[in-house]
Asks: 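One structure, as structure tokens, below. Some questions next.
Here, residue 1 is the first one in the sequence, and each next residue gets the next number. Owing to the predicted nature of the structure, the values given are computational and were not obtained by experimental measurement.
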Amino acid sequence: MAVSCCSSTIDFDSIPLTALNFTVRKKLALYLNPKHVSAADWTALAEAMGFEYLEIKNYEQYQNPTKMILENWQGTSTQATVGKLLEMLTAMERVDVISDLQGLIEEDCRKYLKKKQLQEQPVQVPEVDSCVPKTLEMNGITIDDDPSGHMPELFDAFICYCHRDIDFVHEMIRQLEQTECKLKLCVFDRDVLPGTCVWSITSELIEKRCKRMVVIISDDYLDSDACDFQTKFALSLCPGARSKRLIPVKYKPMKKKFPSILRFLTLCDYTNPCTTSWFWGRLAKALFLP
């Protein structure tokens, strides 16, 4: 979508909603949360996003309904892009909102594109000795990788976890790799070689080397910047989880609220004693899918 009030150099339709940071979302909420007689509010935006009447009524209980619909929309819709949001605001005749947030939106989008470019293109460092053979950053990044890049190591699933949950990661390795399942998991601290850019390697593994991503949800996960990046990056690759790429796993009780960005994905719950015996079989079956 071409939005006349914003810079024409940015293709907003190609930029996921996750690119918009806290400041933009907070200001958007200040505009849309209050009930207006003459201007469209967050309920009109929710309708445009495709939420049904009962869902919208449920959002009324939240202190910041705009924040909630943005998070849930970006986690469930293939159309959750910055361009689509601007299109809906324009249709709602909230040009005042777009005009005020124009600079901040463009800045966030440029930061996203720059970060994406850095992830895709490793930093080029001049060689001190021309006799040293050139090695691309994305070659030889894992233990069993082919340094030449002809046969990169592939995995059934990337495991997104906080370091405090490492004991459950070891249990997952025992149940899924060391049994008849024979699945191949990508565990960053075990499989990735040291000395490379964390964000670039993580993006490469999630997008190109792993069929799925298993997210181990816990209170500590919610405080991890690395887990937050990995989860949002995976969701940006498959909006709405249409390809069943991301599988959330809960293995112990939580004191904090379950992340809203994942609440619409089917959960694999290890804490439910009634379904524990089915847990590993369900998870393995999901990872075996093409």
Asks: With a 4.5 Å cut-off on side-chain heavy-atom distances among I, L, V, M, F, W and Y, is there a chain of contacts connecting Leu176 to Leu154?
Replies: no
Asks: Could you tell me how the ring of Trp280 sits relative to the ring of Phe168: parallel (under 30°), tilted (30 to 60°) or perpendicular (over 60°)?
Replies: parallel
Asks: With no hydrogens and no angle check, just 3.5 Å: does a side-chain donor-acceptor pair link His163 and Asp220?
Replies: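 Their side chains do not contain a donor-acceptor pair, so the 3.5 Å distance test is not met.
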Asks: Closer than 3.5 angstrom, by distance alone: can the side chain of Arg263 be matched with the main-chain N or O of Phe258 as a donor-acceptor pair?
Replies: no
Asks: As a quick check of understanding, evaluate side chain to side chain donor-acceptor pair (under 3.5 Å) for Asp269 and Tyr251, giving each step before the final call.
Replies: CA-CA 6 Å; Asp269 192 354; Tyr251 82 98; over 6 Å; no
Asks: Would you say the side-chain atoms of Arg25 pair up with the backbone N or O of Leu20, donor to acceptor, closer than 3.5 Å?
Replies: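 Answer holds: yes.
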Asks: Is it true that Leu185 and Ile166 fall in one hydrophobic cluster, defined by side-chain heavy atoms closer than 4.5 Å?
Replies: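 Yes, it is one cluster - the side chains of Leu185 and Ile166 are joined through contacts under 4.5 Å.
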Asks: Using modelled atom types only, decide if a donor and an acceptor are shared between the side chain of Glu55 and the backbone of Glu52 within a distance under 3.5 Å.
Replies: yes
Asks: Mind checking whether Phe288 and Met213 sit in one hydrophobic cluster, side chains of I, L, V, M, F, W, Y counted as touching below 4.5 Å?
Replies: yes
Asks: Okay, side chain of Arg212, backbone of Leu289: is any donor-acceptor separation there less than 3.5 Å?
Replies: yes
Asks: Counting N and O atoms only, with roles assigned by atom type, does the side chain of Ser99 sit under 3.5 Å from a partner on the main chain of Asp96, one being a donor and the other an acceptor?
Replies: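 Side chain of Ser99 to backbone of Asp96, a donor-acceptor pair under 3.5 Å: no, none is there.
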Asks: Do Leu45 and Tyr62 land in one hydrophobic cluster if side-chain heavy atoms of ILVMFWY residues count as linked below 4.5 Å?
Replies: yes
Asks: Taking Asp219 first and then Lys256, would you say they form a salt bridge - that is, a charged N and a carboxylate O separated by under 4.0 Å?
Replies: no
Asks: I'd like to know if Glu71 and Lys232 make a salt bridge, using a cut-off of under 4.0 Å between side-chain N and carboxylate O.
Replies: no
Asks: If hydrophobic clusters are built by linking Ile, Leu, Val, Met, Phe, Trp and Tyr wherever their side-chain heavy atoms come under 4.5 Å apart, do Met49 and Phe264 end up in the same one?
Replies: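 Linked within one cluster.
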Asks: Looking at Asn33, is its backbone amide N or carbonyl O close enough to the side chain of Asp41 to form a donor-acceptor pair, meaning the two atoms are under 3.5 Å apart?
Replies: no
Asks: List in chain and number order the residues that pass ring pair (Phe, Tyr, Trp, His ring centres under 6.0 Å) with Phe188, two or more places apart in sequence or in another chain; answer none if no residue qualifies.
Replies: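 Ring pair (Phe, Tyr, Trp, His ring centres under 6.0 Å) check on Phe188 returns nothing, list empty.
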Asks: Answer yes or no: is there an ion pair linking Glu153 with Lys184, defined by an N-O contact shorter than 4.0 Å?
Replies: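 Yes.
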Asks: Salt bridge check: are Arg110 and Asp108 linked by an N-O gap of less than 4.0 Å?
Replies: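 Asp108 and Arg110: not salt-bridged.
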Asks: Between Ser224 (side chain only) and Tyr221 (backbone N and O only), is there a donor and an acceptor less than 3.5 Å apart?
Replies: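 No, because the side chain of Ser224 does not come within donor-acceptor range (under 3.5 Å) of the backbone of Tyr221.
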Asks: Report yes or no: does Asp165 contribute a side-chain atom to a donor-acceptor pair with the main-chain N or O of Tyr161 at less than 3.5 Å?
Replies: no
Asks: Do Gln61 side-chain atoms and Asn58 backbone N/O form a donor-acceptor pair below 3.5 Å?
Replies: yes
